[in-house]
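Okay, so here's the structure we're looking at.
Values in this document were obtained by computation on a predicted structure and should not be read as measured data.
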Amino acid sequence: MTQTGPDALKGEDWAGEMGERWLANLDRFESMIAPIGTALLERAEYQPGERVLDLGCGGGATTLAIAEAVGPGGAALGLDVAPMLIARAQERAAAGGSAARFVCADAATVQLDEPPFDRLFSRFGSMFFEAPVPAFTNLHSLLRPSARIDLAVWAHPRDNAWMMEVMGVVRQHVEIPPAIPRAPGPFAFEDLGYLEDVLTGAGFSGMDVAPYAGLQPVGGPGATPDEATEFVLASMAVGRVLAEQGADVCDSARADLTAMFTRHHRVGEGDMLPCKVWLITAHA
């Protein structure tokens, strides 16, 4: 088995490679996690006139939904570090006549020439800070006193078979070191105690948690096993790692991924694997 270095899956460059991967697979990514975004939006219950900051807005789907909820008297501002995703979000807003606005900047340090926001929202955009307490402290400075935040973060990998099954296959072909707990990445906030410490250290209080569990359609609803496999190889960091091992390794892993997704395929639904998410609320 081929070995990789300790940084094999590190360095998710959202302003570069990962942003380009997300953009190239935007429809599949967004449709895959859309039910989670809907659950978080329902929990947030935005009202007309509210000013909302959408952290890690990606292609802007959630920001557009927030803009519709808060109406012309409110404001929805999407913030993301990936310029290609912000450009796509701006195109969508213009095409749909939405009042949503977008800024490309690092949320850890950005200062906005804006009135304080009433709310902060993030669907999987809050787990990638190198120094999360200073980053959330900066976000706190953009909010009015008592402002509410609503975050969706992945629960422990063991409760997310959509990731564990993929990594299980990949590790049959290339040796990847175990993930470092609390390191920046999708599962940085799997430990709720750690997340509460981060939020408390940044000036937030009253953290409340609602679990979300369901089946995740890898590659989007209706994807075939082949399409789910190509989605993984094209969009996830493990695809880059496998590609670096050469065609033989990549082809063998592709066949095993397709076989795995075939076992989980449901006709008319897609390749459905369990997922678990924490829906977080706290106040400034």
message = Holding to ring pair (Phe, Tyr, Trp, His ring centres under 6.0 Å), I want the full list of residues that pass it with His264, two or more places apart in sequence or in another chain.
response =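 His264 satisfies ring pair (Phe, Tyr, Trp, His ring centres under 6.0 Å) with no other residue.
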Are any of the side-chain heavy atoms of [X] and [Y] separated by less than 4.5 Å?
X      : Y      : answer
Phe261 : Val169 : no
Asn160 : Cys275 : yes
Phe189 : Pro132 : yes
Leu273 : Val166 : no
Val241 : Val170 : no
Arg28  : Ser235 : no
Phe187 : Met163 : yes
Arg254 : Glu230 : yes

Could you grab the distance from atom [atom1] of [X] to atom [atom2] of [Y], nearest 0.5 Å is fine?
X      : Y      : atom1 : atom2 : answer
Phe231 : Asn25  : CZ    : CG    : 6.0 Å
Leu142 : Leu120 : CG    : CG    : 8.5 Å
Met167 : Met236 : CE    : CE    : 7.5 Å
Thr258 : Asp271 : OG1   : CG    : 9.0 Å

Taking only residues two or more places apart in sequence or in another chain, which ones pass side chain to side chain contact (heavy atoms under 4.5 Å, CB included) with [X]?
X      : value
Pro211 : Lys276, Trp278
Met272 : Leu215, Pro217, Arg266, Glu269
Arg88  : Leu23, Leu26, Glu91, Arg92
Ser122 : Leu55, Ser126, Leu151

query = Hydrophobic clusters join Ile, Leu, Val, Met, Phe, Trp and Tyr when side-chain heavy atoms are under 4.5 Å apart, directly or via other members; which others share one with Met164?
reply =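 None; Met164 is a cluster of one.
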May I ask whether [X] and [Y] are part of the same hydrophobic cluster, defined by side-chain heavy atoms of I, L, V, M, F, W, Y residues being less than 4.5 angstrom apart, directly or through others?
X      : Y      : answer
Trp22  : Trp162 : yes
Val153 : Phe29  : yes
Met127 : Leu199 : yes
Phe124 : Met207 : yes

message = Does anything in residues 134-149 form a salt bridge (charged side-chain N to carboxylate O under 4.0 Å, His left out)? List the pairs, not counting sequence neighbours.
response =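 Matches after skipping sequence neighbours: Asp118-Arg144, Arg148-Asp150.
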query = Does any pair with a residue in residues 33-45 pass salt bridge (charged side-chain N to carboxylate O under 4.0 Å, His left out), and if so which ones, sequence neighbours excluded?
reply =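 Only Arg43-Asp208 qualify under salt bridge (charged side-chain N to carboxylate O under 4.0 Å, His left out).
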Only pairs under 3.5 Å count here: list side-chain donor-acceptor contacts from residues 64-81, not counting sequence neighbours, and write none if there are none.
{"residue": "Asp80", "atom": "OD1", "partner": "Ala82", "partner atom": "N", "Å": "2.9"}
{"residue": "Asp80", "atom": "OD2", "partner": "Cys57", "partner atom": "N", "Å": "3.3"}
{"residue": "Asp80", "atom": "OD2", "partner": "Gly58", "partner atom": "N", "Å": "2.8"}

Tabulate below the donor-acceptor pairs under 3.5 Å that side-chain atoms of residues 96-111 make, not counting sequence neighbours, or state none.
{"residue": "Ser98", "atom": "OG", "partner": "Ala100", "partner atom": "N", "Å": "3.0"}
{"residue": "Arg101", "atom": "NH1", "partner": "Glu114", "partner atom": "OE2", "Å": "2.7"}
{"residue": "Arg101", "atom": "NH2", "partner": "Glu114", "partner atom": "OE1", "Å": "3.2"}
{"residue": "Arg101", "atom": "NH2", "partner": "Glu114", "partner atom": "OE2", "Å": "3.3"}
{"residue": "Asp106", "atom": "OD1", "partner": "Ala108", "partner atom": "N", "Å": "2.9"}
{"residue": "Gln111", "atom": "NE2", "partner": "Asn138", "partner atom": "OD1", "Å": "2.7"}

request  = Output yes when a side-chain donor or acceptor of Arg119 lies under 3.5 Å from a complementary backbone atom of Val52, and no otherwise.
outcome  =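 A pair under 3.5 Å: no.
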message = For residues 176-188, which residue pairs pass the side-chain hydrogen bond (donor to acceptor under 3.5 Å, both in side chains) check, not counting sequence neighbours?
response =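 Sorted pair list: Arg182-Asp191.
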key: Results of salt bridge (Lys or Arg N to Asp or Glu O under 4.0 Å) for Glu165 - residues two or more places apart only   =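 Listed in chain order: nothing, the list is empty.
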task = For the residue pair Phe136 and Phe129, categorise the inter-ring angle as parallel (less than 30°), tilted (30 to 60°) or perpendicular (more than 60°).
result =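 Rings of Phe136 and Phe129: perpendicular, over 60°.
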task = Verify the distance criterion only: is there a donor paired with an acceptor across the side chains of Thr63 and Asp54 at less than 3.5 Å?
result =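 Distance-only check passes for Thr63 and Asp54.
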